[in-house]
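Encoded as structure tokens, the structure appears first; notes follow it.
Throughout, a chain's letter reflects where its sequence line sits, starting with A, and its residues are numbered from 1.
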2 protein chains.
Amino acid sequence: MPENPLALEHQVCFALAIASRSVIALYRPILEPMGLTHPQYLVMLALWEFEPVSVKDLSGMLQLEPATLSPLLKRLESSGLLRRDRDARDERSLAVALTDKGRALRNEALKVPPAIVAGLGMDIDELMQLHERLTRVIAAAKNHSED
Amino acid sequence: MPENPLALEHQVCFALAIASRSVIALYRPILEPMGLTHPQYLVMLALWEFEPVSVKDLSGMLQLEPATLSPLLKRLESSGLLRRDRDARDERSLAVALTDKGRALRNEALKVPPAIVAGLGMDIDELMQLHERLTRVIAAAKNHSED
DNA sequence: CACTAATCGTTAGTGTACTAAACATTGCTA
DNA sequence: TAGCAATGTTTAGTACACTAACGATTAGTG
């Protein structure tokens with residue numbers, strides 16, 4: 001163990017924060033021509049896979065507060081990528097669905113993951129191992145945050 | 001490889017973003033009684049180790065834009081934890097230094113890392129391996145963002 | 001020595017991200 | 001069936017985080 005437990009270089013939270021920001025920074029120039037920010041891209045990934053979904057379900061999938069999603073979805077709506085309609089059977093709930101333009105954008109998005117992997121220049125193997133370890137931390141953080 | 005390259009669950013950037021937010025969320029209730037947010041905590045770590053430092057040096061250490069640090073440092077100053085004085089030899093530069101109150105807070109902070117490790121309930125070994133992999137992604141993202 | 005270029009920090013503007021509180025709708029129950 | 005708790009969404013307020021543009025200081029050059 002290091003002599004200084006508060007050494008910046010040894011903090012996992014510091015490495016996590018910088019890794020997250022650094023990788024998202026790689027996405028920026030690729031997503032920008034598509035008119036998307038990174039959180040908006042994640043929302044679109046969820047919609048391409050599971051559309052239509054409620055705000056509550058999106059909140060669960062993306063681990064984002066509804067209060068964060070609400071303005072984000074409005075921006076995507078005003079970009080013409082999705083529609084926000086009230087669920088007829090439960091007017092409390094909002095059904096978020098893609099427009100044709102939103103569906104069409106998926107073809108552009110197919111180029112994104114290869115571009116990122118090439119930009120990182122890392123082995124797929126190593127990325128998968130990182131993904132596995134991240135999944136484990138996420139689970140650990142979730143389990144113990146309910147005490 | 002997965003059949004759907006845009007599957008949300010397989011995106012490393014998604015796991016990174018959630019892991020970062022989840023772990024930071026663990027810090028929140030621990031840092032809140034100390035009057036710190038997580039980014040402010042990282043700044044304090046840097047100061048406890050390297051004080052006094054300029055905004056530019058902090059920006060390099062924490063990989064944050066000066067424009068992000070500027071208001072953050074002002075908040076820490078108004079909390080009475082640090083001082084912001086112009087460097088006498090180069091009036092462009094700002095010397096960020098701790099106050100006695102800021103130095104004293106380090107004793108409180110010593111309790112933070114053990115509390116987090118206990119909260120996560122993970123092996124130190126696994127955390128160190130994660131740290132190593134994160135360091136490698138950070139390096140990869142940095143190297144290839146200069147093209 | 002004057003003038004230009006580079007450096008450093010701040011401000012302005014957009015977009016997350018959180019907590020807390022407000023609002024509306026639904027469904028249960030007395 | 002009238003009222004009330006539960007559910008789902010939005011708003012308000014604070015704090016990052018980024019890009020671009022600005023102002024002040026310093027350094028370099030003809």
- Could you give the CZ-to-P distance, from B:Arg28 to C:dT19, as a whole number of Å? 5 Å
- Message: For B:Arg21 and A:Glu91, find the nucleotide of DNA chain C closest to each by heavy atoms; which residue's nucleotide sits nearer the 5' end?
- Response: B:Arg21
- At a 4.0 Å cut-off to heavy atoms of chain B, the contacted part of DNA chain D spans D:dA15 to D:dT26
- Task: Would you confirm whether B:Thr135, through its side chain, and B:His131, through its main-chain N or O, come within 3.5 Å as a donor-acceptor pair?
- Result: yes
- Query: A:Ser59 side chain to A:Leu64 main-chain N or O, any donor-acceptor pair under 3.5 Å?
  - Reply: yes
- Query: Is there a side-chain polar atom (N or O) of B:Lys74 under 4.0 Å from OP1 or OP2 of C:dT11?
  - Reply: yes
- Task: Quick one: label B:Arg86 by what it contacts on the DNA or RNA (base, sugar-phosphate, nothing), any heavy atom closer than 4.0 Å.
- Result: sugar-phosphate
- Note on the structure: Closest to the 5' end of DNA chain C, once B:Ser54 and A:Arg75 are matched to their nearest nucleotides, is B:Ser54
- Task: Kindly say whether A:Ala7 contributes a backbone atom to a donor-acceptor pair with the side chain of A:Gln11 at under 3.5 angstrom?
- Result: yes
- In whole angstroms, how far is the C1' atom of C:dT11 from the CG atom of B:Leu94? 15 Å
- Message: Please report the distance, rounded to the nearest Å, between CZ in A:Arg92 and C1' in C:dT26.
- Response: 4 Å
- Query: Any side-chain heavy-atom pair from A:Glu51 and A:Arg103 closer than 4.5 angstrom?
  - Reply: yes
- Considering just the side-chain nitrogens and oxygens of A:Ser93, establish if one lies under 4.0 Å of OP1 or OP2 belonging to C:dT25. no
- Tell me: CD of A:Gln40 to C1' of C:dA17, nearest whole Å? 14 Å
- Message: Output the rounded distance in Å from CD1 (A:Ile24) to P (C:dG15).
- Response: 16 Å
- Between the main-chain N or O of A:Glu77 and the side-chain N or O of A:Arg83, is there a donor-acceptor pair closer than 3.5 Å? no
- Measure the spacing between OG of B:Ser22 and CD of A:Gln63 and express it to the nearest 0.5 Å. 6.0 Å
- Note on the structure: Separation of C:dA17 atom P from B:Ile18 atom CD1, nearest Å, is 10 Å
- Task: Name the residue closer to the 5' end of DNA chain D, choosing between B:Pro39 and A:Arg84 according to the nucleotide with the nearest heavy atom.
- Result: A:Arg84
- Item | Residues from residues 60-70 of chain B lying under 4.0 Å of DNA chain C - heavy atoms | B:Pro66, B:Ala67, B:Ser70
- Query: Going by distance alone, is a donor N or O of one side chain under 3.5 Å from an acceptor N or O of the other, for A:Arg133 and B:Gln129?
  - Reply: yes
- Just by distance, do the side chain of A:Trp48 and the backbone of A:Gly102 share a donor-acceptor pair under 3.5 Å? yes
- Note on the structure: In whole angstroms, the gap separating P of C:dC18 from CG of A:Leu72 amounts to 12 Å
- Item | Length of the line joining B:Tyr27:OH and C:dC18:P, which is rounded to integer Å | 17 Å
- Quick one: are B:Met44 and B:Arg106 in side-chain contact, heavy atoms under 4.5 Å? no
